[in-house]
Amino acid sequence: MSGEEEENAAELKIGDEFLKAKCLMNCEVSLILEHKYEQLQQMSEDPTNQVSQVFEKSLQYVKRFSRYKNPDAVRQVREVLSRYQLAEFELCVLGNLCPETVEEAIAMVPSLKTKGRVHDDEAIEKMLNDLSLIKRFE
C-alpha cells in the first residue's frame, strides 16, 4: 500500500482535485443542456441533425431527476446551501436528493457530522427547512 491516505467520502477524504472541483446539481445541468438544445434547434433547419443520442439521453436524465425546474429556484438552492460551508459534492448531493429529515441528510452525506464541522442537528434541520420552502413555492 502506498503512503497515500485512503479516500472516504464520509470523512471528506476525497482527494484534493475533487475537493477543489466545481460540481453541478442535476437541475443546473438541466438548465445548461436545455439552453444548448434550444441553440442547436435555432441553428439548424432540421433540429434532429444537430443533437446526438448521448446529448438527448443526458438531457432526459437530468430533466427526470431534477428536483427543481424553475431557474430562480435553482439559483436559490445553490445560494441557500452555500451558506452552510459545505463541500461542493455535499451541496450537490443534498440539492439532488432533497432529504427531508436530519437522519436522511446524515445518511446521504455522513461528512456533515464529521468531528470539527459546525453542522449540528439544528443547523441541518434549518438547511432542510430552507430547501423545503424553495420547493414548496417553486
Side-chain angles (χ1 to χ4, degrees):
M1 190 167 151
S2 69
E4 292 182 26
E5 200 171 319
E6 189 173 326
E7 293 183 0
N8 182 348
E11 298 174 8
L12 271 183
K13 295 177 184 173
I14 56 175
D16 287 342
E17 57 280 341
F18 195 60
L19 271 174
K20 294 174 187 174
K22 177 75 170 177
C23 299
L24 295 174
M25 294 178 286
N26 289 337
C27 54
E28 292 170 313
V29 174
S30 178
L31 293 175
I32 292 166
L33 292 182
E34 284 177 11
H35 180 70
K36 183 65 176 172
Y37 184 78
E38 289 169 11
Q39 285 180 328
L40 291 171
Q41 283 186 321
Q42 290 174 357
M43 290 172 33
S44 175
E45 312 269 320
D46 180 12
T48 58
N49 283 347
Q50 294 292 319
V51 180
S52 73
Q53 188 175 8
V54 171
F55 183 94
E56 190 73 43
K57 294 282 186 193
S58 299
L59 179 56
Q60 288 172 5
Y61 176 87
V62 293
K63 283 173 107 173
R64 180 175 181 202
F65 293 105
S66 292
R67 300 292 181 139
Y68 305 93
K69 310 293 184 202
N70 179 314
D72 289 331
V74 172
R75 182 185 44 76
Q76 288 176 333
V77 168
R78 181 160 287 275
E79 285 175 9
V80 164
L81 291 173
S82 294
R83 293 182 202 142
Y84 292 91
Q85 290 109 23
L86 299 169
E88 278 286 317
F89 92 97
E90 292 173 317
L91 184 150
C92 288
V93 168
L94 294 172
N96 284 338
L97 300 178
C98 300
E100 294 181 6
T101 66
V102 172
E103 294 77 20
E104 284 180 0
I106 293 168
M108 292 173 188
V109 186
S111 56
L112 290 174
K113 294 298 272 188
T114 301
K115 186 178 174 185
R117 306 269 319 261
V118 295
H119 302 107
D120 59 5
D121 287 0
E122 208 171 279
I124 296 169
E125 182 71 37
K126 176 162 180 12
M127 177 175 56
L128 298 178
N129 287 339
D130 291 346
L131 289 178
S132 176
L133 280 174
I134 294 169
K135 184 65 180 163
R136 192 172 307 135
F137 294 109
E138 181 180 31

What's the separation between atom [atom1] in [X] and atom [atom2] in [Y], rounded to the nearest 0.5 Å?
X	Y	atom1	atom2	answer
Ile124	Glu104	CD1	CD	12.5 Å
Glu34	Ser66	CD	OG	8.0 Å
Leu33	His35	CG	NE2	11.0 Å
Arg64	Gln60	CZ	CD	10.0 Å
Ser82	Glu88	OG	CD	7.0 Å
Ile134	Cys98	CD1	SG	9.5 Å

Whichever hydrophobic residues join Val54 through chains of side-chain contacts under 4.5 Å:
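Once heavy-atom contacts under 4.5 Å are chained together, Val54 still belongs with nothing else.
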Measuring only between side-chain heavy atoms, which start at C-beta, is [X] closer than 4.5 Å to [Y]?
X	Y	result
Val51	Gln41	no
Ile106	Asp121	yes
Leu131	Tyr68	yes
Leu81	Met127	yes
Asn96	Phe65	no

Between Lys69 (side chain) and Lys63 (backbone), is there a donor-acceptor pair under 3.5 Å?
yes
For [X] and [Y], which heavy atoms make the closest approach, and how far apart are they?
X	Y	answer
Met108	Pro99	SD-CB, 3.8 Å
Ala87	Glu90	N-OE1, 2.6 Å
Glu138	Ala73	OE2-CB, 3.6 Å
Lys22	Arg78	NZ-NH1, 3.5 Å
Val62	Ser30	CG2-CA, 3.5 Å

Hits for side chain to side chain contact (heavy atoms under 4.5 Å, CB included) against Glu79, two or more places apart or cross-chain, chain-then-number order -> Arg75
Applying side chain to side chain contact (heavy atoms under 4.5 Å, CB included), can you list everything that pairs with Ile32, at least two apart in sequence or on another chain?
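With neighbours one apart ignored, the set is Leu24.
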Crowding at CD, Glu125 (>12 non-hydrogen neighbours, <6.0 Å)
yes
Hey, is NZ on Lys135 packed in by over 12 heavy atoms from elsewhere, all under 6.0 Å?
yes
Evaluation steps, side chain to side chain contact (heavy atoms under 4.5 Å, CB included), between Met25 and Leu94
CA-CA 9 Å; Met25 294 178 286; Leu94 294 172; over 6 Å; no
